Each structure stands twice: as structure tokens, then as C-alpha cells.
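Worksheet: the structure to be examined is printed underneath.
Positions are given from 1 along the sequence. Note that ligands are numbered from 1 as they come in the structure, with each ligand's atoms numbered from 1 the same way. Since we're looking at a predicted model, the values are computed, not measured.
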Amino acid sequence: FKNTIKTIKYHVLLMSGGPGSGKGTQCEKIVAKYGYTHLSSGDLLRAEVASGSERGKQLQATMQKGELVPLDTVLEMIKEAMIAKADVSKGYLIDGYPREVKQGEEFEKKIGAPALLLYVDAKAETMVKRLMKRGETSGRADDNEETIKKRLDLYYKATEPVIAYYEKSGIVRKINSELPVDEVFAIVEKAIDELK
Ligand SMILES: Nc1ncnc2c1ncn2[C@H]1C[C@H](O)[C@@H](COP(=O)(O)OP(=O)(O)O)O1
Ligand SMILES: [Mg+2]
């Protein structure tokens, strides 16, 4: 068990950036090219909600308000998913976690130090526009104007400090996500290739 965590800690990439900045879009392309296992904390949580479990019901109420769900719940789910894929994974791409500095500290303690943090950066105005558009087809309860505003506020307040926290260890690469998807990916590729 201990070994598993030790082995995987050198292949962990974090995707950080505001809601609608393009994390999921870039993750898909990274998975296709590099074969990393994509773990989206939001997807893991939404799957738990869809399962209809008691934990899922509590999560749903929190997510619909645009608030952050409890620290331990998300980290446990990520860790379980990492261990489940440990044999086949070439690395891990963690999307949407840590959302606050405390989550980052817990991640280091319970899982390990990430190798790279890709900071997918877009203007607030761009993010809102993309999310409103995504909301037309995504079916996501949180892709509506009021919740989008709350998620953005929370992002600037809680998640941006996470990036500052990782700056200290020199693993942050800022990616201009105002560019078209393929141009953004070209910058992402460069950052990942530099890892070797
Ligand atoms: N570079 C880019 N240019 C234009 N649209 C983009 C883009 N990256 C992503 N999008 C679109 C795809 C989605 O409909 C929406 C949000 O992207 P996403 O990948 O779901 O963001 P996130 O996972 O960060 O919330 O914006
Ligand atoms: Mg996403």
C-alpha cells in the first residue's frame, strides 16, 4: 500500500485554473497523447451524486450552492481512484484539485508531491462566456449565471492562493488559455516534455 503511493508520487500533474478556463479540454488532449489517468474531482463527485448514495445527496446540496465540499471526502475519492489505476497508469492528471491551500497540504501529506502544476489561465470574462455556452448542453446544475459568479469568486479567493503555494516549489507553468485549443495544447506539451 505504502509502495503504491510512493511509486505514483513522481507522476502526478495538477491542472489548476478557474471554472471554464479549459482544464477538462486540455486534460482530454493530454490523456490522448501521454496516456495519463485523468482524475477530475468534479467528475468523481458528480459520479457519487449520480449513484444516489447518502454521501452523494449531501454533496449535491453543497455543489448546487457553488460551495466547496469537505476536504477529506474529495481526497479520499482521489486516492482510491489513484490506487485503483496504479498498475496500468503512466501518470496521473488531477483536474480541479486542490481547490484551496489546505487541500494542497493534505495532498502532499497523504499522496505526495506533484511534479508539475499547469495553471490554465483565462480572463474572468472569457470563463463566464464559455461556461454560459457549455451550460446550454452540459446538463450541469452549476453551469448557470448565478452559480458561475459564486464559483468565480470562490476561485479567486480560495484557489489562486494554491498556485502561489506551489510557486515556492517551482513546479508552476502558466498557460495562456485565451488562445485557441490547439495553441494552448502546444504550450502544455512543451511544459510536459520539459519534465523528462
Ligand atoms: N482554448 C479554448 N478556446 C475556446 N473555447 C474553449 C477553450 N478551452 C475550452 N473551451 C470551451 C470548452 C467548454 O465548452 C468550455 C469550458 O471548458 P472546460 O474544459 O470544460 O473547462 P474547465 O474544465 O476548466 O471548467 O470552454
Ligand atoms: Mg472541468
Taking Y92 for the side chain and M82 for the main chain, is one N or O donor matched with an acceptor at less than 3.5 Å?
yes
According to the side-chain hydrogen bond (donor to acceptor under 3.5 Å, both in side chains) rule, which pairs have a member within residues 12-26, sequence neighbours left out?
none
Distance under 4.0 Å, heavy atoms only, partner ligand 1: which residues pass?
G18, P19, G20, S21, G22, K23, G24, T25, R130, R134, S177, L179, P180, V181, V184
Is it the case that T147 and D142 place a side-chain donor and acceptor less than 3.5 Å from each other?
no
Say whether E48 and S53, considering side chains only, have a donor N or O and an acceptor N or O under 3.5 Å apart.
yes
Taking the basic N atoms (NZ, or NE/NH1/NH2) and the acidic carboxylate oxygens, is any pair closer than 4.0 Å for E106 and K109?
yes
Side chain of S177, backbone of G22: donor and acceptor closer than 3.5 Å?
no
